[in-house]
Amino acid sequence: MLSAASRPYIAASVPVLREHGLAITRHFYTQMFAQHPELQHLFNMGNQASGVQQQSLAAAVFAYAANIDNAAALAPVLERIVHKHASVGITPAHYPIVGRHLLGAIQAVLGDAATPALLAAWDEAYWLLAGELISAEARLYQRTATTAGALQTLVVMETHREGEDVMSYYLQTANGCSPGNFQPGQYISVAVQLGELRQLRQYSLSDASDRPWWRISVKREAGNPTTPAGQVSNWLHSHLRQGDTLLAGAPFGDFTPSLAGPNPITLISAGIGITPMVATLNTLAGQASHRPIVFAHAARNGQHHALRADLAAARAQLPQLRSVLFYEQPADADRLGSDYHHRGRMQLSAVVDDDNREGEFFLCGPLGFMQQQWQGLLSAGVPPTRIHREVFGPELLDHLI
């Protein structure tokens, strides 16, 4: 617990962090990478280039300060951070480096306003948080029987194109077995060497957990004037072929829909956010689940709707499954006007009804989509405790800030 002496300084930091948080995190990353270039192998340098990572850390520091007495609100966010740290191999030795540079960035940006008492308070708050994360990460490594940063060499047994810009890769061990157990909704890290820089990226496992393989389905990220192209996704699309090998970590992630129980389950996704939903759906189909299931997905059109064959197979195995598809710009070949196809962006009025409103809802997709559907579900009367979401990229903290 934060000491009484430090508490008023952290509380007073909230408006300061709102104004200067981004400048602090930019300074933090610049100085840390300059003195510890080896850490670039752990961080997503694409997010660094776009500024997303700096914004995410600024939001995280602000959210921590604003909710330092609200353990219930912080707990799920910290759990997600623990899994992400484990997926890239964070160890206790990294925390002194981060702490030193974070405190240095606060001092450099705030200048005289960063009094010794303020810096002491933030040093205490940082190590309070670091201690929680270190302990939780140690427990997770022990529970999963993994070593921080460990990677295994997997063989690409098959590749399959999933429409316009997504490729699926089926991964096995050298002796043709599944690389290990996982829970539907979890992701793995894959490592790619890009010149002198090794980069790790996380991809959700997109098939049922009882298959004799791991499958990841990767979207090629072309980039735009404000966002750089996806370095790793583009490399995988351009270079990874059947028979090649790929370094991958153990499965992590706390976005794991509960598969048991009679209550309805609604899976809502957009774009490549479909991957953990299909893993969940395929697992439910393999279990011959009887619970009511709604599968709602939004895509540009049929050519950009990945894993369509999996959804069709699930519809044949699960007679109670209701699928609701939204195509924003449908092509001529897309069949619309049926009981499950709609034109335009996702409208929750076609997804939520009296049959599933009392069930569990799981969301995955781009940030704007996630925010819109979250608010839409709340407006439809779904309690926030029954809304669960996975976000590709830096942590979503809008509910805390």
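Just so it is clear, the values below take in all heavy atoms, side chains as well, and ignore hydrogens, waters and symmetry mates.
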Problem set entry | Sequence neighbours excluded - ring-ring contact (aromatic ring centres under 6.0 Å, His included) pairs with any residue from residues 277-325 | His297-His305, His305-Tyr327
Problem set entry | Under 3.5 Å: donor-acceptor pair, side chain of Ser289, backbone of Ala285 | no
Problem set entry | Smallest separation among heavy atoms of Ser13 and Leu118, with atom names | OG-CD1, 3.3 Å
Exercise. For the side chain of Gln199 and the backbone of Gln40, is there at least one donor-acceptor N/O pair under 3.5 Å apart?
Worked result: yes
Exercise. Is Tyr203 close to Tyr187 at the side-chain level, that is, under 4.5 Å between some pair of heavy atoms?
Worked result: no
Exercise. How long is the span from the CZ atom in Arg198 to the CD atom in Glu38, to the nearest 0.5 Å?
Worked result: 12.0 Å
Problem set entry | Heavy-atom pair of closest approach, residues Ala65 and Leu17 | CB-CD1, 3.8 Å
Exercise. Which atoms form the tightest heavy-atom contact between Leu2 and Leu128, and what is the distance?
Worked result: N-CD2, 3.7 Å
For this session: Taking the side chain as every heavy atom from C-beta outward, state whether Gln202 and Val232 have any atom pair closer than 4.5 Å.
Result: no
Exercise. In Å and rounded to the nearest 0.5 Å, what is the CD to OH distance from Glu124 to Tyr126?
Worked result: 14.5 Å
When the side chains of residues 251-268 are checked against the rest of the protein, which donor-acceptor pairs come out under 3.5 Å, sequence neighbours left out?
| from | atom 1 | to | atom 2 | distance (Å) |
| --- | --- | --- | --- | --- |
| Asp254 | OD1 | Arg80 | NE | 3.3 |
| Thr266 | OG1 | Asn356 | ND2 | 3.0 |

Problem set entry | Side chain to side chain, Arg291 and Leu284, heavy atoms closer than 4.5 Å | yes
Problem set entry | Thr146 side chain vs Gln142 backbone, donor-acceptor pair below 3.5 Å | no
Problem set entry | Set of side-chain hydrogen bond (donor to acceptor under 3.5 Å, both in side chains) partners for Thr283, sequence neighbours left out | none
Problem set entry | Flag side-chain contact, heavy atom, 4.5 Å: Trp213 against Leu171 | no
Problem set entry | Separation of Thr147 OG1 from Tyr141 OH (nearest 0.5 Å) | 9.0 Å
Problem set entry | His237 and Lys219: CA distance, side-chain angles, deciding distance, side-chain contact (heavy atoms from CB on, under 4.5 Å) verdict | CA-CA 8 Å; His237 274 251; Lys219 179 185 177 184; 5.7 Å; no
Problem set entry | From CA spacing to verdict: side-chain contact (heavy atoms from CB on, under 4.5 Å), Asp334, His341 | CA-CA 9 Å; Asp334 295 329; His341 270 94; 5.7 Å; no
Problem set entry | Geometric class of the His342/Phe326 ring pair [parallel <30°, tilted 30-60°, perpendicular >60°] | parallel
For this session: Give a yes or no on whether a salt bridge exists between Arg322 and Asp355, defined as a side-chain N under 4.0 angstrom from a carboxylate O.
Result: no
Exercise. Can you check side-chain contact (heavy atoms from CB on, under 4.5 Å) on Val218 and Val190, steps first, answer last?
Worked result: CA-CA 11 Å; Val218 180; Val190 302; over 6 Å; no
For this session: Check whether any side-chain heavy atom of Ser217 sits under 4.5 Å from a side-chain heavy atom of Met167, and report yes or no.
Result: no
Exercise. CG of Leu205 to CZ of Arg211: how many Å apart, nearest 0.5 Å?
Worked result: 12.5 Å
For this session: Check the surroundings of atom OH in Tyr9: do more than 12 heavy atoms from other residues, nucleotides or ligands lie under 6.0 Å from it?
Result: no
Problem set entry | Pair Phe43-Phe33, ring-ring contact (aromatic ring centres under 6.0 Å, His included): steps then yes or no | CA-CA 10 Å; Phe43 284 81; Phe33 288 143; 5.3 Å; yes
For this session: Could you grab the distance from atom CD of Gln193 to atom CG of Leu247, nearest 0.5 Å is fine?
Result: 9.5 Å
For this session: Verify salt bridge (charged side-chain N to carboxylate O under 4.0 Å, His left out) between Asp310 and Arg315, making sure each step is shown before the conclusion.
Result: CA-CA 9 Å; Asp310 291 77; Arg315 285 171 61 85; over 6 Å; no
Exercise. So, do Ser204 and Ile216 sit near enough that their side-chain heavy atoms are less than 4.5 Å apart?
Worked result: no
For this session: Could you walk me through whether Tyr64 and Ile10 pass side-chain contact (heavy atoms from CB on, under 4.5 Å), step by step?
Result: CA-CA 9 Å; Tyr64 178 57; Ile10 300 301; over 6 Å; no
Problem set entry | Gap separating the CG atom of Leu363 from the CZ atom of Arg389, nearest 0.5 angstrom | 7.5 Å
For this session: Could you tell me whether the side chain of Leu246 reaches within less than 4.5 Å of the side chain of Thr153, counting heavy atoms only?
Result: no
Problem set entry | Ile188 to Ala248 - nearest heavy-atom pair and separation | CD1-CB, 4.1 Å
Exercise. Do Phe362 and Thr280 come within less than 4.5 Å of each other through their side chains, counting heavy atoms only?
Worked result: no
Mind listing the side-chain donor-acceptor pairs of residues 158-166 below 3.5 Å, one per line with the distance, residues two or more places apart or on another chain?
| from | atom 1 | to | atom 2 | distance (Å) |
| --- | --- | --- | --- | --- |
| Glu162 | OE1 | Leu307 | N | 3.4 |
| Glu162 | OE2 | Ser168 | OG | 2.9 |

With a 3.5 Å cut-off and sequence neighbours excluded, list the donor-acceptor pairs that the side chains of residues 86-112 form with protein atoms.
| from | atom 1 | to | atom 2 | distance (Å) |
| --- | --- | --- | --- | --- |
| Ser87 | OG | Lys84 | O | 2.7 |
| Thr91 | OG1 | Ala93 | N | 3.4 |
| Thr91 | OG1 | His94 | ND1 | 3.4 |
| His94 | ND1 | Thr91 | N | 3.0 |
| Tyr95 | OH | His85 | ND1 | 3.1 |
| Tyr95 | OH | Glu137 | OE1 | 3.1 |
| Tyr95 | OH | Glu137 | OE2 | 2.7 |
| Arg100 | NH2 | His36 | NE2 | 3.3 |

For this session: May I ask you to decide if Ser3's main-chain N or O and Ser6's side chain share a donor-acceptor pair within less than 3.5 Å?
Result: no
Contacts table for residues 344-352: side-chain donor-acceptor under 3.5 angstrom, sequence neighbours left out:
| from | atom 1 | to | atom 2 | distance (Å) |
| --- | --- | --- | --- | --- |
| Arg345 | NE | Glu328 | OE2 | 3.2 |

For this session: Can you see which heavy atom on Arg357 is nearest to which on Asp354, and at what distance?
Result: NH1-OD1, 2.6 Å
Exercise. Which heavy-atom pair separates Leu74 from Ile68 by the least distance, and what is that distance?
Worked result: CD1-CA, 4.2 Å
Problem set entry | Test side chain to side chain donor-acceptor pair (under 3.5 Å) applied to Ser233 and Arg220, step by step | CA-CA 5 Å; Ser233 67; Arg220 180 192 289 272; over 6 Å; no
Problem set entry | Under 3.5 Å: donor-acceptor pair, side chain of Ser238, backbone of Trp235 | no
Exercise. Crowded around Asp332 CG? As in, over 12 foreign heavy atoms under 6.0 Å?
Worked result: no
Exercise. Are the charged groups of Asp244 and Arg241 less than 4.0 angstrom apart, N to O?
Worked result: no
